[in-house]
Each structure stands twice: as structure tokens, then as C-alpha cells.
Asker: 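Here you go, one structure.
None of these values were measured; they are calculated from a predicted model. So you know, we letter chains A, B, ... as the sequences are listed, proteins then strands, and number each from 1.
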2 protein chains.
Amino acid sequence: MTERITEDPGAAAPAAVRPLPPAPVRRVSMADVARRAGVSSQTVSRVSNGYPGVVEATRRQVLDAMAELGYRPNSAARALRSGRFRTIGVILFSLSTTGNVRTLEAIATSAAAQGYAITVIPVEAPTQGGVRGAFTRLGELAVDAVILLMEVHLLDAADLTLPDGVPVVVADSDADDRYPVIDTDQADGSRTAVQHLLDLGHRTVVHLAGPEQSFAGQRREDAWRRTLTDAGCEVPEVYRGDWSAWSGYEVGREIARTDATAVFAANDQMALGLMRALAESGRAVPDDVSVVGFDDVPDAVAYRPPLTTIHQDFAEVGRRCVELVLQRLDAGAADHGTTLVPVRIVERASTAPPPS
Amino acid sequence: MTERITEDPGAAAPAAVRPLPPAPVRRVSMADVARRAGVSSQTVSRVSNGYPGVVEATRRQVLDAMAELGYRPNSAARALRSGRFRTIGVILFSLSTTGNVRTLEAIATSAAAQGYAITVIPVEAPTQGGVRGAFTRLGELAVDAVILLMEVHLLDAADLTLPDGVPVVVADSDADDRYPVIDTDQADGSRTAVQHLLDLGHRTVVHLAGPEQSFAGQRREDAWRRTLTDAGCEVPEVYRGDWSAWSGYEVGREIARTDATAVFAANDQMALGLMRALAESGRAVPDDVSVVGFDDVPDAVAYRPPLTTIHQDFAEVGRRCVELVLQRLDAGAADHGTTLVPVRIVERASTAPPPS
DNA sequence: CTAGTCCATGTTTACGTCAACATCCGTCAC
DNA sequence: GTGACGGATGTTGACGTAAACATGGACTAG
């Protein structure tokens, strides 16, 4: 499979040369339908788009001809004509985190409901090279709008810009005020989690944080710290994982050696690993140590013990992203605010008052 | 957001009428670049596509003009002209199973490497209505080929057909011999799992199966049964979950009441729930009961205990799907075989010889 | 020195759709 | 009866690209 891809943004300097094979079977066009129905192709267009000014009898004829011939509008021609692809691009680094996946799913569903398709643009790990390729193509991508499922500053790091005139919305990240943001209310989630533990009587709460580069992780951590400070609690050392259950386990072994009685993990997967580490050290959850997670992954209800966690409304985030990006597409609105989607705590069996 | 979408396959009977707003800012076209560079637009086309027969000096001029003007090829026009969108559609029911997600990710990555974009076509739960809408649009979707991440018979149930002439490949499913299939070697995985338990000395192996409608689940179950039969073991009653960890827990509580010493769960998530159920019944894994999963999800290494499981090579499945579908697009090949991608067992800490 | 080649580049045209404008015909008011 | 009006339908052209064909100049062989 040879490839002809622009390597250089703005300029085109492709390598291999293989003309695409001849276009596949010519499909049924409006002209064909028009001939069959004995009308002009413009009338077919009108019927196809539901415009008025077509008498019922004619309409029927056209509809019949369409059915007989199996006519399908050609979206390339449509897009060329209208300048719209009816497609939204979603740029993301990976589908390995629950959040991204569920948000993507919600985006796809909402977009479909609006008659828009979703093009997924995966960007490999932030290696300069990999990113570059993916983004370069973006300019010529058949996309009317873009939803970024990643931190905007990573985009900068890659030294790339989105094409002008394409509405962009950022989900679950920061955006340097350049684009509007739809985000889970990370701060409120953290606060709720920590407060829940404090209310149970824990003297303070240890935080198993996400990676430093993650904006969401950063905000969860900040809110944890602030909540403790506001409550006049001592702020313990931060432990840091990389979102994976395994990192939760590794870091969890350190936490298990401390006298912590309450841990707030920045996501459920790390909480899973943490709970294993605690169990292996003979510290019972929730009797000896309480644990709260973040995300409310479907599995959390089957963790041992079922995890108390902060439920994120990914569906709502996705829905709002689509809504906002389409609104900007139509109106060209320009307020770069941040919209927060509320969260709620789901109390299960991993939290209890501290051992007396 | 009003919508003008064909409701009826083949015929068009839209409802609302709102012309799209005028096309956004006119973008830089080949003609602009040509003017700027003082050449014909055909020469620009040649440079843009890396065709030979352009002298270096001219090429440079064109490249410069492209850069200055910020030229981006218009993919709609390109698609109209060439009949190719350089896009692959992926149809799937949900992104809630690990398998789908990871396969999708692999597909997206491989496709990007080949210069193809991925359009995700979500189909809501197999409700006749929902499916219909999604598929109807498929016909006019800007897609050169389709990868189905679902059972073909569900497609039939929805009483819909894919447009002719579009290559289709089915991943991880059956296809009634209508389309080629790329699949994980489910049977070999099951056999390996069961054999591993038998080799440890277990007299027989209980199966925590997936839902009856799932083809993958069916095949895992068949292979489990066959392996037991071949080994002359008694075949115990089948327990059935719905892939979720919670269902694994619920069904697991029943299993925990039996005298089973070895369980093969049809996926890791159910194994997670099962292990919780066993723990709650005071049956230790692996000392009292051995458990093997299927999938090797990233979290499995952090389960308590770390799960012995069958590793699926989703990346390879995705890669092959893309390869095959593009090959069919170019060549129109027509062999509807099934390609099996090998699996391997990952031995961790959830299996041991039976208690004596 | 001329005919033949080959190569770089230019010109034309078609892809399918749809907006804009043109046409045709019936109806109605005067 | 004639002109004006309006509704149904047709005709034209443009969107941006790239294949097919055309041109023209340089070089080569005889």
C-alpha cells in the first residue's frame, strides 16, 4: 500500500506515486434518476432535499425512479457544492482511558442524532513526528468542526495549528482561553470525595494523583489540596500514578506502609490497584482504610469491595460538545468560556469511619 | 438544528427545509496557487500529488506559493473527482466492551498509517428503529469501505443491506460466508485456557459464558465443551453472564456455592466479578478455586489476585482488517475466508493445582 | 538540416449537486 | 380578451480537482 500524503503543512511533498485505481462502478446520479422519471435533475434535487414547489404526482415519479435505481446522494458532490461535510473530527491521543472512550461514544451518538458523522483522528504518543503526520492531514480532512479530546498545550508542543475557520471545542481539558471547553466539574468532584471522607471522621486524606502532565489530574489534585486546607487538615505528601491499575498497585504499596486511613484515588483504575496493595498488606478496606475513586467505571461496582466513587456524566459532556461545536459552526459565536458538567458521588462499600 | 436526512433507503422523503448557511470563507484553491506561482493549475495538481514530470525549479515555486497561501487540498473535490474518500467506516453497536474499543483503536491507527481516516458509525441498541436510521445514512456516507464490528446477523435482523460495491470486512464475528472475517482465534484461546487448568490437575472446568447471542461467546463456549469432552472430562452446567463485571459477580455467587475447583470465565471483567464472589464466600483464589479469564485487559494485572488470562492481539486484528479491506478495495478480491489471529495465555496468579 | 522523440507544461472537460435564473402555463382581475 | 401574476419545472453554471489530450521547445539520429 503505497501512500501519497502531504508531509509538510501548507506545502505538499509526497513520496510515492501510484494513481488511484479507476473510480469504482459509477453510481446512480441525479441525472439518471431524472432521465428515468422524465424530469430535470433539478427537480430530482428538489425532491431529494424536500424542497417545496414540486407537485405530488411529480414527486411520486421521482421517488419511484429513485427507488428503482437505488439512488444515493453523492456526499462528495454535496460537500463540494455546499462546503459542508456533515462530519465532525475528534482528535485524541488514545482510547485507553475510560473517559476518552465514553466521551467519544457519547459524541458519536449525539452527532449521529444531528445527522453528523464522526471522524476519529488518533494521534500517537506525543512524539513530535507522529503527531505531526496526523495533524498535517487534518487540514485537508473532510471535517466541518473539531472536538479535541486532549490538552491544548500538547497541540502546541507539537507545533501545529488547526486550520482557520474550523470551530473547535475542547473536552475535559484546558484550552488556554483559545477555545471553549466542556468539562466535568473536576474540582467539585474532588471536593465531594474529600469532604465525604472528612465527614466520616478521617483526620486527613491521602491523594493518589494522576500524572503531572494531565490537566484533569492537576485539577483533581488542586481541589483535594484546597479542600483539606479549607478544612484545616494537614496536607500529606502526594503519591502519583499514571492512571493505570498497575501504577495504582505499585504506588499503593507505598501508601499501605503509611498510617493513612483514607485515600482519594484520581481514577477508579488506580483505586483498583491500590485496594489490591492494601489487601496484600493486610489492611482491610474499608475497615482500616477508606478509598474513594473517580469516574465510576462500570466495573467499579464489582471491585472488592464495591468502590465509592465520583460519577462522571460522560454522555452529557459528549452531548454538549456536539451541541456547542455545531452552534459555533452555524453562528460563529466566539465566547471562550468553560462549561462544567456536574458530578455526583456514588457511595458504595469502600468507605467507612476510621478505625477507632 | 433542523435536519434534512433521507428517511427511506433508496427514496428520499425528508421533512424540514432549511438550506445550509452559505459556504464558509472560500478557501485557497489550486487556481489561486497556480496564479501565484505563475503556472497552470494542472501543474499545481501534479506537485500536490507528487507526480513526476515537474522540473525542480517549477516544483519549488509551486511549493512556495502553497506555503504562502496556506493551500490545503479540498477533499470534497478530490473525492468527487477520484471517487475515493480515503475513509473507512466502522460500524459498531457500542464502545462499552474492551474488545470493540481496542480493535477500533487499532483500526484507526492502521488506517491513519495508510492515509485513511476512520468514520465511526454507532448503532444504538438493536432496536429496529435506531439501527435503521444509522444504516440508511450509510449509503450516502463518505466511505470507501466498511468494517463491521458486530455480528452480521444483527444486520439482517435490522433488515438492512450495505450498499453494493463497498468492500466489507467483519471483525470478531461471524459473517454467514457473506464477507471475509478477521477474528481472534477464540477456539484456540478457550482450548488453551481449559487445557491449562486440566494440566494443573483439575478434574473438570466450569464455564462462566458470555451471552447466548454473542458469536464470540458461543465459540468460546463450544471450544470449552469440546476440550473437556476430548479430555474425557465431565461437562458441567454452563453459567451465563452478559460480559459485565457485575453479572460475573452475580453468577459467581452461584458458582461459589458449588464444589468447582476451576472456572474459565469468557472475559476478564466477568472474572473480576467472579473473584469477588468467591472471596466473599471464603473461597480463596487460587488455593481453593482457579480462575482463567479471556482478553487480558490492562487492569487484569492488578486484579486480586493478578489474573491468568488469554491475551488477545487486538492490534493485529485491527491491522489486518484495514489491510484486507483496502486490498479488496483495490483488487476487488472475493474470497470470503476467515483469518484467525493467534492468542497466547498469560499465566499470572489466579491458577494453581486443585486443593488436595 | 530535418524528422522524430521526449519531456515539461498548458487546456479542456467531467465528476454530481444545487443555487440562481429562465421559461412555460394556467388563472384571475379588469 | 389581455396582461399580470405565481407556481411548477427546466437550463445554466460553478464548486475544486485531476485525467486526457494538446502544445511547444529541446535534443537526437540519420
Asker: In whole Å, what is the span from the CD atom of A/E56 to the P atom of D/dT9?
Answerer: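 Computing the A/E56:CD to D/dT9:P distance gives 11 Å.
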Asker: So, the side chain of A/R84 versus the backbone of A/D144: is there a donor-acceptor pair under 3.5 Å, distance only?
Answerer: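 No.
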Asker: Taking CG from B/N74 and C1' from D/dG16, how many angstroms apart are they, rounded to a whole number?
Answerer: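 Answer to the nearest Å: 6 Å.
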Asker: Is a side-chain donor-acceptor pair under 3.5 Å present for B/T58 with B/R46?
Answerer: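 No pair is found: no donor N or O on one side chain lies under 3.5 Å from an acceptor on the other.
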Asker: For the CZ atom of A/R81 and the OG atom of A/S45, what is their distance to the nearest 0.5 Å?
Answerer: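 Reported value, rounded in 0.5 Å steps: 9.0 Å.
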Asker: Under 3.5 Å, is there an N or O donor on one side and an acceptor on the other linking the side chain of B/R46 and the base of C/dG10?
Answerer: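 Result: at least one qualifying N/O pair found.
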Asker: If you only use heavy atoms from C-beta on, which nucleotide in C/dT17, D/dT9, D/dG16 is closest to the side chain of A/R81?
Answerer: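 Within the option list, the nearest is C/dT17.
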Asker: Return no unless some side-chain N or O of A/R78 is found under 4.0 Å from OP1 or OP2 of C/dC18.
Answerer: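 So the side chain of A/R78 is within the cut-off, an N or O lying under 4.0 Å from OP1 or OP2 of C/dC18.
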Asker: What contact category does A/V44 fall into here, base, sugar-phosphate, or nothing, at under 4.0 angstrom with non-hydrogen atoms?
Answerer: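 Touches nothing.
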Asker: Mapping B/L80 and B/T43 to their closest nucleotides on DNA chain C, which lands nearer the 5' end?
Answerer: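 The 5'-side residue here is B/T43.
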Asker: How long is the line joining CE of B/M30 and C1' of D/dA19, in whole Å?
Answerer: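 From B/M30 CE to D/dA19 C1': 12 Å.
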Asker: Only one of A/V168, A/I121, A/T119 forms a side chain to side chain contact (heavy atoms under 4.5 Å, CB included) with A/V146, so which one is it?
Answerer: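 The side chain to side chain contact (heavy atoms under 4.5 Å, CB included) with A/V146 is passed solely by A/V168 among A/V168, A/I121, A/T119.
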Asker: For C/dA19, does either OP1 or OP2 sit under 4.0 Å from a side-chain N or O belonging to A/Y51?
Answerer: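 A/Y51 to C/dA19 OP1/OP2: side-chain N or O found under 4.0 Å.
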Asker: Say you draw a straight line from CD1 of B/I182 to SG of B/C321; how long is it, rounded to the nearest 0.5 Å?
Answerer: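 Answer for the CD1-SG pair, B/I182 versus B/C321, is 5.0 Å.
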Asker: Examine distances only and state if a side-chain atom of B/D32 and a backbone atom of B/S29 form a donor-acceptor pair shorter than 3.5 Å.
Answerer: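 Judged by distance alone, yes, a pair lies under 3.5 Å.
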Asker: Whole-Å distance between C/dT11 C1' and B/R35 CZ?
Answerer: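 Atom CZ in B/R35 sits about 16 Å away from atom C1' in C/dT11.
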Asker: Roughly how far apart are A/S48 OG and A/L63 CG, rounded to 0.5 Å?
Answerer: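 Nearest 0.5 Å value for the OG-CG distance: 9.5 Å.
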Asker: Could you run through DNA chain C and flag its stems, i.e. three or more consecutive Watson-Crick or G-U pairs with both distances under 3.5 Å?
Answerer: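 Only these stems qualify: C:1-30 with D:1-30.
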Asker: When we call it a touch if two heavy atoms are under 4.0 Å apart, what does A/T58 touch: a base, just sugar-phosphate, or nothing?
Answerer: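 Sugar-phosphate: the residue A/T58, judged by heavy atoms under 4.0 Å, touches backbone atoms but no base.
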Asker: From the list D/dA8, D/dA18, C/dC18, which nucleotide is the closest neighbour of the side chain of A/Q42?
Answerer: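 Given the options D/dA8, D/dA18, C/dC18, the side chain of A/Q42 is closest to C/dC18.
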Asker: Between B/M66 (CE) and D/dG16 (P), how many Å, whole number?
Answerer: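 Checked: the CE to P distance equals 15 Å.
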Asker: In terms of the nearest nucleotide of DNA chain C, which residue is placed more toward the 5' end: B/G53 or B/A77?
Answerer: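 Checking each residue's closest nucleotide, the 5'-ward one belongs to B/G53.
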Asker: Atom CG of B/N49 to atom P of D/dA20: distance rounded to whole Å?
Answerer: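 Distance check: B/N49 CG to D/dA20 P gives 14 Å.
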Asker: Can you check whether B/Y71 has a side-chain N or O nearer than 4.0 Å to OP1 or OP2 of D/dG16?
Answerer: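 False: B/Y71 side-chain N/O out of range (4.0 Å or more) of D/dG16 OP1/OP2.
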